[in-house]
Every structure is written in structure tokens, then in C-alpha cells.
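On a predicted model such as this, the values are computed, not experimentally measured, just so you know. All chains are named by letter (A, B, ...) in the order of the sequence lines, taking the proteins before the strands, and each is independently numbered beginning at 1.
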Amino acid sequence: MSLLDNLNPEQLAAVTLPNQHALILAGAGSGKTRVLTTRIAWLIQTGNVSPGGLLAVTFTNKAAKEMLTRISAQLPINTRGMWVGTFHGLCNRFLRTHYKEAGLPQLFQILDSQDQLAAIKRVLRSMNVDEDKFPPRQVQYFINAAKEEGKRAAQTEVYDDFSRRCVEIYAAYEEQCQKEGVVDFSELLLRTFEVLSRNEILREHYQNRFRHILVDEFQDTNRLQYRWLKLLAGPQTCLFAVGDDDQSIYRFRGANVGNMGDFERDYKVENVIRLEQNYRSHGHILSAANALIANNAKRLGKNLWTAAGEGEPLRIYEAQSDGYEAAWIAEEVQSLVNDGHMRRDIAILYRSNAQSRVLEHALFSQGIPYRVYGGLRFFERMEIKHALAYLRLLASPEDDGAFLRVVNFPTRGIGARSIEQLQDAAKVHGTSLYAAVPLLAGKAGTVLAGFTRIIETLKSETAGLPLPEVVEHMLEKSGLIAHYKAERDGADRVENLNELVNAAASFMQEAQSGQGPEGEPVDGNDLGTFLAHAVLESGENQAAEGQDALQMMTVHSAKGLEFHAVFITGLEEGLFPHEQSVNEDDGLEEERRLMYVAITRARTRLYLSFAQTRLLHGQTRYNVASRFIDEIPEGLVKWLTPKLRGQAAWMAPASEWPATPTKLPPKPYVSQSSPGHGFHIGQNVLHAKFGQGVIVSSEGQGADARLQINFGRQGMKWLALAYAKLTPA
DNA sequence: AATCCGTCTATTTTT
DNA sequence: TAGACGGATT
């Protein structure tokens with residue numbers, strides 16, 4: 001069996017491309033990962049390159065891991081020596097090796113976004129900056145945006161008072177990080193980039209080493225990442241970029257689709273290979289996706305096709321309210337399960353996390369097991385962050401962030417006054433907080449010395465111990481376990497802390513088996529390596545797999561996944577496309593790409609649903625169906641509810657009604673709020689012809705608002721507010 | 001040091 | 001509506 005068996009002509013062309021730069025436009029479900037890994041295997045097998053000459057970069061650890069597994073499955077070689085990992089993981093590896101050239105301490109610590117925010121808050125406080133005028137989050141965004149443009153504070157341009165001050169804060173933040181020996185996520189990239197730019201010897205070394213650089217999800221790269229790639233790629237390096245501009249959905253975090261076009265131009269790419277055969281979805285689903293995305297103007301161009309049949313039409317459901325929508329979905333899921341489908345092969349997708357609530361409620365009351373993706377991950381939990389802070393102090397006492405986090409946690413009578421004195425002393429002597437402790441006299445000095453003694457004792461007691469035992473020891477001696485055991489709802493936290501010991505154990509095990517997270521053996525006993533691992537790979541953001549459960553997630557997190565049946569919910573103007581995106585430059589097109597991603601997740605069955613009314617932020621909103629529904633050709637869809645322009649579904653004759661959910665949500669929706677005009681739901685009104693009635697529901701806003709009114713004997717009517725002469729009764 | 005209360009805010013997310 | 005956060009209270 002050859003590597004190249006069963007590849008289609010385009011895949012084959014991509015895999016066996018001679019040594020040159022290449023851009024692969026890989027549509028959804030077109031076998032992108034397979035091409036990437038087979039290309040690597042092929043390059044090695046044909047002797048084009050040795051594993052050490054390969055660099056493959058991804059965005060997520062999951063993708064990197066998957067790539068390594070698949071390469072190993074295809075080739076009986078050791079993947080050791082190959083650089084496969086995330087941008088951040090690879091930069092970390094580089095900086096650990098060349099810490100001197102990078103001007104970093106050997107055991108530099110990595111800050112995650114939370115830590116970074118805390119560090120920025122400290123800077124703001126030390127500079128006496130008004131946090132109302134300069135919200136820490138905004139400053140964080142500013143700094144990261146600058147770094148992702150490759151700019152230091154000195155090079156960051158200023159256009160107003162706000163940005164001027166932000167640049168000053170940026171400069172102070174840089175200085176603080178340097179002093180404390182910490183590095184944030186974007187710093188990993190920028191620092192590596194700078195070292196490579198300025199150090200010719202190193203640059204040439206790596207340029208000579210890496211003969212082939214492969215990039216996954218190229219449409220998601222930001223400007224700095226692209227420049228980083230350009231720097232690593234020497235005259236003899238072939239760049240192989242795989243991406244899909246139609247699936248570019250991360251502009252909001254700096255992704256620059258333009259990199260694809262730039263790459264084509266910068267490297268005079270002769271071969272743009274399109275992978276357009278889709279192996280995932282049935283015909284109607286693909287046609288819907290193609291038709292929808294054709295509404296975007298800025299595209300490189302691509303049309304998916306499948307050898308599979310047309311399959312079923314897309315099913316569209318219009319619900320009276322979000323509650324009804326959820327109840328209907330729950331019933332439909334149950335009937336799919338009754339038909340023998342696994343719950344894990346069914347997904348409910350939504351645009352924003354807030355939508356999961358109603359859905360969860362309906363699923364819960366029908367007793368359908370489900371898993372919601374997103375939320376806190378293991379290494380981001382408070383108790384874990386505390387534990388890691390103790391470990392960080394063991395590894396590097398200069399880490400003021402870690403120091404402040406746990407100096408008084410669990411509480412040991414070290415108040416704000418003591419900390420303030422300590423900070424002053426540290427500032428005067430130019431030392432870290434930890435090193436400044438012996439400088440303090442009096443009560444503050446005593447209590448603080450008590451803390452450093454704990455750390456010192458811990459350090460000597462754990463010297464030479466295996467990592468899991470170090471962690472176990474730390475949990476005891478720090479008092480963390482005791483603290484959470486004493487706390488009312490601390491049981492889960494204690495469990496998580498114990499899980500940290502297991503995490504350390506399995507980290508070591510993985511390290512000893514020769515496969516570090518980046519594919520190279522690591523010193524499994526190295527506390528510093530474990531800490532970096534914890535930050536860079538903060539773990540699954542979902543608890544135990546366990547039973548067969550329905551999958552719930554945002555459309556963003558569904559990217560790259562596929563399911564037998566998919567529900568795309570909340571397809572309403574304002575929600576999907578989101579109202580905030582519509583104002584953004586290119587926002588609508590990105591929303592459409594998001595919808596494209598959502599549609600292409602489905603293999604055989606796709607449901608689209610929307611609700612006339614939705615409770616959002618404690619207010620009832622009256623919604624119109626999403627324009628994306630209109631963009632799907634009629635011939636591909638089947639309306640489960642009567643398609644009535646602007647009319648409520650329940651106005652249709654009973655015969656046309658779909659099966660009503662048997663279990664309705666407990667409270668459909670009750671609202672007294674009004675959408676802009678003077679009338680509200682439940683209000684009694686008088687009409688010249690129909691007499692007295694009560695407002696049942698409404699839709700639209702302002703001048704084109706329409707009200708549904710129950711006139712009792714005269715029946716239910718929809719009236720346009722602008723024409724019906726209504727008076728409050 | 002812990003608890004309470006008012007205020008604010010509310011797309012999308014990986015590293 | 002609900003959650004997170006900061007400041008004030010006990």
C-alpha cells in the first residue's frame with residue numbers, strides 16, 4: 001500500500017509537488033489534513049528532506065497532535081527532530097534554546113491572557129493611571145495589537161491622547177515584564193522574530209536547516225506570523241501554505257486573510273492548487289454552502305462538489321420564541337436518537353454562547369445528555385492558577401505576578417499595607433518583591449519572611465524529587481489543600497488540585513516516552529517545562545467524555561469538526577449575522593463565512609432554525625429571519641413551518657402545522673417591554689372596525705412595526721401599526 | 001477577612 | 001436576565 005493510494009488528482013498534485021512554493025486552497029472537508037501529512041510523509045520517504053529539515057506549524061495543539069499522530073501512522077519513522085507545533089509552541093522552543101540571544105532568563109515564565117491582564121493592571125496602578133479612562137482590557141488589546149504588527153512601544157505610532165498614553169503604558173509594561181522574566185503570548189512570537197532578524201548567524205542556521213515549511217490554516221495567520229514565516233524561510237526553503245479564505249473567521253483576533261494573496265505575490269507562487277472535492281457532505285448541503293458564499297465579493301474563488309448524491313433538503317423551522325425553538329430541537333434530537341443515531345454525532349451550533357442557556361434548559365427537561373463546549377479550561381481554574389503560582393515561585397522568584405497572587409493566599413495575615421511597603425522597598429532597591437522581603441523591618445518584615453520561608457523550605461524539601469511529588473508537596477505545604485478542604489464548596493477544587501498531580505505525572509510519562517508536546521523529547525522532570533506546557537496547552541475545555549452526549553458549541557468552535565446532523569440555531573438578523581459585525585468593515589462577509597463554516601459541518605442532515613422572539617439581556621427582542629436563509633436557493637430547502645412572509649407561523653391552517661412540541665417550555669415568553677412604539681404585549685387596544693382587542697405579539701420596529709392582536713370574536717389579526725388606527729383601551 | 005450590595009455589561013477565541 | 005467586579009460594610 002502506497003502513501004499515494006486513493007488520493008484524488010488535486011490531492012496527488014499537492015502532495016507530490018516538486019520543490020517550490022505552493023498555496024493550497026483547501027475547501028471544507030476536502031482532505032486538507034490528509035494532504036498535509038501525506039506531503040510530509042512523501043517528502044521524507046522520497047528522500048527530499050530529513051525529518052530535521054521539516055517545520056510544520058498549526059494554530060492549536062489539537063491540530064499539531066493530530067498531525068504528528070497521522071504522520072507516525074503513515075511512516076514508520078521517528079518524528080523526533082521534526083519541528084511540528086503551534087506558532088507559540090515553536091517559539092517557546094526556540095527561545096528556551098536561545099534565551100541568551102533573546103535577552104531572557106533561562107527559566108522565563110509565560111503569561112496567559114489572564115496573567116497578562118493582571119500584569120497590566122499592576123503597571124496602571126504603579127503609573128497612577130485612571131482605570132476608567134484606560135480600561136485594562138483595552139490597554140491589553142492595544143499592546144497585543146501593536147505586538148502583532150511587530151511593533152515595540154518606540155515604534156508604535158500615536159494618533160491621539162489615548163494612544164499616546166497607551167504607548168507609555170506599553171513601554172512600562174515591557175520594562176516590567178523584562179524585569180520579572182515573563183513573556184506574554186504575543187511576546188513569544190515577537191521576541192523570536194526579533195532574534196532572527198537581528199542575528200544573522202542564527203537566522204542562516206535555521207534557514208538552512210528548514211528545507212520545507214508547511215503552514216496549516218494559513219488564512220488565520222496574522223501579520224507578524226507571516227513575517228515570521230518569511231524570515232525562517234531561506235533561499236532554499238519551500239513554503240507550503242494550506243488554507244481556505246472562505247473559512248476565515250478570526251479577523252477579530254488579528255487574522256489577516258490578505259496574507260494569502262500576499263504570499264502568492266511575494267513568492268510568485270505558480271501553483272495554486274484547489275482542493276474542491278468534498279468528502280463530507282451531501283449535495284444539497286454543499287450547494288447551499290456554495291450559493292451562500294457566492295454572495296461574498298472578496299474571494300479567491302472555489303466551488304465545492306461531491307460525488308455523493310444530493311441527499312436530503314435542508315430543513316428550516318420558524319419558531320414562535322427561543323423557548324419553542326429549543327423545545328422543537330430537543331424533540332427532533334430525540335427522534336434522531338430513536339432512529340439510531342448517536343448523540344455525539346449531532347451538534348447544535350449557535351452564534352454566541354448566551355444562546356446555549358435556553359437550549360440547555362429544553363434538553364435538560366427532556367432528559368437528553370449534552371456537552372457544552374467552551375468555558376473555563378483546566379489550567380485556567382482559580383485553584384490551579386494558585387497552585388501554578390507557587391510552582392512558578394519555586395522556579396523563578398523574580399516573578400512578581402506569581403508572588404502577589406499567593407503571598408496572602410491562603411490568607412496568612414499579610415495585608416495591603418505590608419505589600420505596599422514591600423513594593424516600595426523593591427522599587428527603591430530595584431529588586432523583585434521576593435528579594436526585597438529581607439529588607440523590611442517590623443511587623444511587615446516578619447509576616448512576609450514567614451511566606452518566603454515557606455517557599456524556601458519547599459524548595460529544599462523538593463529538590464531532586466520527581467515532578468508529581470513536587471506538586472503534591474507544594475499543595476500540602478502551601479496550605480492550598482487545607483484551605484479548600486475547609487471551604488464550603490471546596491470539594492471540586494480539592495479534586496482539581498489532586499488532578500494537577502496526575503497532570504504532572506502524565507506529563508512526565510509523555511516526556512519519557514520521547515514525545516514532548518512539540519515532538520521532541522523534553523526533560524520530564526523539569527518544573528519549568530511543565531509550567532510552560534501548562535500555559536501553552538491549557539488543556540481540554542471540557543470535562544470528562546463519559547457518556548454519549550449531544551454536542552453544543554459556537555460556530556467558531558465547530559470549525560474543523562463534522563457531524564451527521566447539525567442544527568444551526570438563532571438564524572435571525574442581529575444575531576446571525578450579528579448586529580455588531582454589520583457595522584464592521586468586512587463584517588458581513590465574515591459573518592457569511594461563519595455561516596459557510598456552519599453549513600459545511602453537516603454530513604447528511606442540516607436544520608436551520610430561527611425564532612420570532614428571543615429573550616436577550618433580559619429584554620424580549622422581535623426578530624426577522626436571517627438574510628442567510630434567503631441566500632439559500634429555495635430548491636434546496638424544505639420548510640417545516642409554513643413559509644409565510646412576515647406572518648407568524650401559527651397563523652397557518654392547522655393542517656400545515658408541523659408536529660407541535662409536546663413538551664413546551666415552562667414559560668414561553670412573557671414580556672411587557674415594547675419595541676420602540678408606545679404599545680406593549682398584553683395591552684388592550686381599540687380598533688375602529690374590529691373593536692376591542694389585546695396585543696398578543698409584535699414584530700419589526702418603529703414605522704414598520706406590526707402587531708398581532710386578538711380581537712376575540714373577530715379573530716386574530718396582524719396589523720401594521722402605521723396604518724391601523726389603534727388607541728389604547 | 002469575608003460578605004454584601006450596587007453597578008456594569010453582554011460576539012466570536014487560541015496561544 | 002445573570003454574571004462579574006469593585007467598593008463598602010460588618
Side-chain angles (χ1 to χ4, degrees), chain A residues 57-64 85-92 110-117 121 131-132 135-137 141 144 147-148 183-189 217 220-222 224-225 248-255 322 349-358 361 373-377 379-380 382 408-416 483 486-488 517-518 532-539 541 553-560 570 574-584 587 590-591 593-595 597-598 614-621 667 669-671 673:
Chain A
V57 63
T58 62
F59 276 87
T60 65
N61 292 298
K62 198 174 153 200
T86 61
F87 279 100
H88 297 86
L90 296 176
C91 287
N92 176 49
I110 303 171
L111 303 184
D112 69 12
S113 327
Q114 265 180 59
D115 300 333
Q116 184 190 31
L117 189 64
K121 282 184 185 167
E131 294 197 10
D132 288 329
R137 292 206 156 277
Y141 178 84
N144 287 336
K147 288 192 180 188
E148 280 163 18
V183 156
D184 62 44
F185 284 135
S186 18
E187 184 71 25
L188 287 169
L189 257 301
E217 305 278 18
D220 288 340
T221 49
N222 63 34
L224 180 58
Q225 284 160 341
S248 158
I249 55 174
Y250 284 115
R251 217 177 62 116
F252 70 92
R253 67 173 196 213
D322 49 353
L349 308 184
Y350 34 82
R351 173 69 240 265
S352 63
N353 288 304
Q355 290 167 250
S356 76
R357 219 182 193 80
V358 220
H361 183 91
Y373 284 77
L376 259 201
R377 289 133 112 239
F379 285 105
E380 290 167 355
M382 186 185 28
N408 196 34
F409 192 96
T411 47
R412 29 179 91 89
I414 300 175
H483 172 85
E487 210 179 58
R488 272 195 302 282
E518 272 84 50
H533 165 83
V535 182
L536 289 176
E537 197 168 346
S538 41
N541 56 8
M553 65 195 86
T554 62
V555 180
H556 281 92
S557 18
K559 189 169 153 214
L575 196 59
F576 197 2
H578 199 279
E579 55 197 353
Q580 301 212 48
S581 314
V582 181
N583 307 321
E584 286 166 23
E590 178 133 328
E591 292 288 305
R593 292 192 287 270
L594 199 52
M595 180 66 181
V597 167
R614 182 175 297 274
L615 197 59
L616 199 64
H617 309 322
Q619 281 208 315
T620 306
R621 314 228 317 191
K667 277 185 200 166
Y669 91 87
V670 181
S671 165
S673 68

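Taking 4.5 Å as the limit, every side-chain heavy atom of A/Tyr250 sits out of range of all side-chain heavy atoms of A/Asn222. Residues A/Tyr350 and A/Thr554 form a side-chain contact, since some pair of their non-hydrogen atoms from C-beta on lies under 4.5 Å apart. Counting heavy atoms from C-beta outward, A/His88 and A/Ile110 have side chains that stay 4.5 Å or more apart. By the 4.5 Å heavy-atom criterion applied to side chains, A/Phe576 and A/Leu594 are counted as neighbours.
When heavy atoms are screened at a 4.0 angstrom cut-off, A/Lys121 is found touching the sugar-phosphate backbone but no base atom. Among the protein residues, A/Phe87 comes within range of no part of the nucleic acid, since none of its heavy atoms lies under 4.0 Å from any strand. Across all strands shown, A/Phe185 has heavy atoms under 4.0 Å from base atoms, whether or not it also approaches the sugar-phosphate. The residue A/Asp112 sits apart from the nucleic acid: no heavy atom pair falls under 4.0 Å. In this structure, A/Glu131 reaches neither bases nor backbone, as no heavy-atom distance under 4.0 Å exists between it and the strands shown. No contact: A/Ser186 has no heavy atom under 4.0 Å from any strand.
Across all their heavy atoms, A/Glu380 and A/Gly375 have their closest contact at OE1-O, 4.4 Å.
Remark: A/His578 NE2 to A/Asn583 CG distance equals 11.0 Å, nearest 0.5 Å.
Atom P of nucleotide B/dT15 and atom CZ of A/Arg377 are separated by 5 Å, given to the nearest angstrom. Computed from coordinates, the A/Leu575 CG to B/dT11 P distance equals 10 Å when rounded to whole Å. Rounded to an integer number of Å, the gap from A/Glu579 CD to B/dT12 P is 13 Å. Rounded to a whole Å, the CZ atom of A/Phe252 is 12 Å from the P atom of B/dT11. What separates OH of A/Tyr250 from P of B/dT14 is a distance of 6 Å, to the nearest Å. We find that CZ of A/Arg251 is positioned 17 Å from P of B/dT12, with the value rounded to whole Å. Atom-to-atom, NE2 of A/His88 to P of B/dT14 comes out at 13 Å; the value is rounded to the nearest Å. Between A/Tyr373 atom OH and B/dT14 atom P the separation is 13 Å, expressed in whole Å.
Stacking of A/His578 onto the six-membered ring of B/dT11 is present: less than 5.5 angstrom between centres, less than 30° between planes.
Applying the salt bridge (Lys or Arg N to Asp or Glu O under 4.0 Å) criterion to A/Glu217, with sequence neighbours excluded, gives A/Lys32, A/Lys559. Partners of A/Gln355 under the side chain to side chain donor-acceptor pair (under 3.5 Å) rule, at least two apart in sequence or in another chain, are A/Ser352. Scored by the salt bridge (Lys or Arg N to Asp or Glu O under 4.0 Å) test, A/Arg621 finds A/Glu579 as partners (sequence neighbours excluded). Under the ring pair (Phe, Tyr, Trp, His ring centres under 6.0 Å) criterion, A/Tyr141 pairs with no residue, sequence neighbours left out.
First and last contacts of DNA chain C with chain A, using any nucleotide atom under 4.0 Å from a protein heavy atom and ordered 5' to 3', fall at C/dT1 to C/dG6.
Between the C1' atoms of C/dG6 and B/dT11, the separation comes to 25 Å (whole Å). C/dC5 and B/dT12 are spaced 16 Å apart, taking the P atom of each and rounding to whole Å.
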### Message
Within the 4.0 Å limit for protein heavy atoms, which parts of nucleotides 1-10 of chain B are touched? Write it as a string from 5' to 3', B for base, S for sugar-phosphate only, - for none.
### Response
S-S------B
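Taking side-chain N and O atoms only, A/Ser557 has no distance below 4.0 Å to OP1 or OP2 of B/dT12. OP1 or OP2 of B/dT15 lies within a sub-4.0 Å distance of a side-chain N or O belonging to A/Asn61. Not one side-chain nitrogen or oxygen of A/Asn144 sits closer than 4.0 Å to the OP1 or OP2 atom of B/dT15.
The side chain of A/Arg253 lies closest to B/dT14, out of B/dT14, B/dT15, B/dT12. Relative to the side chain of A/Asn353, the nucleotides B/dT11, B/dT13, B/dT15 differ in distance, and B/dT13 lies closest. Looking at the side chain of A/Ser113, the nearest of the listed nucleotides B/dT15, B/dT12, B/dT14 is B/dT15.
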### Task
Take A/Glu591 and A/Arg351 through the test salt bridge (Lys or Arg N to Asp or Glu O under 4.0 Å) and record every step on the way to the result.
CA-CA 9 Å; A/Glu591 292 288 305; A/Arg351 173 69 240 265; 2.6 Å; yes
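Mapped onto DNA chain B by nearest heavy atom, A/Glu584 and A/Lys62 fall at different nucleotides, with A/Glu584 at the one closer to the 5' end.
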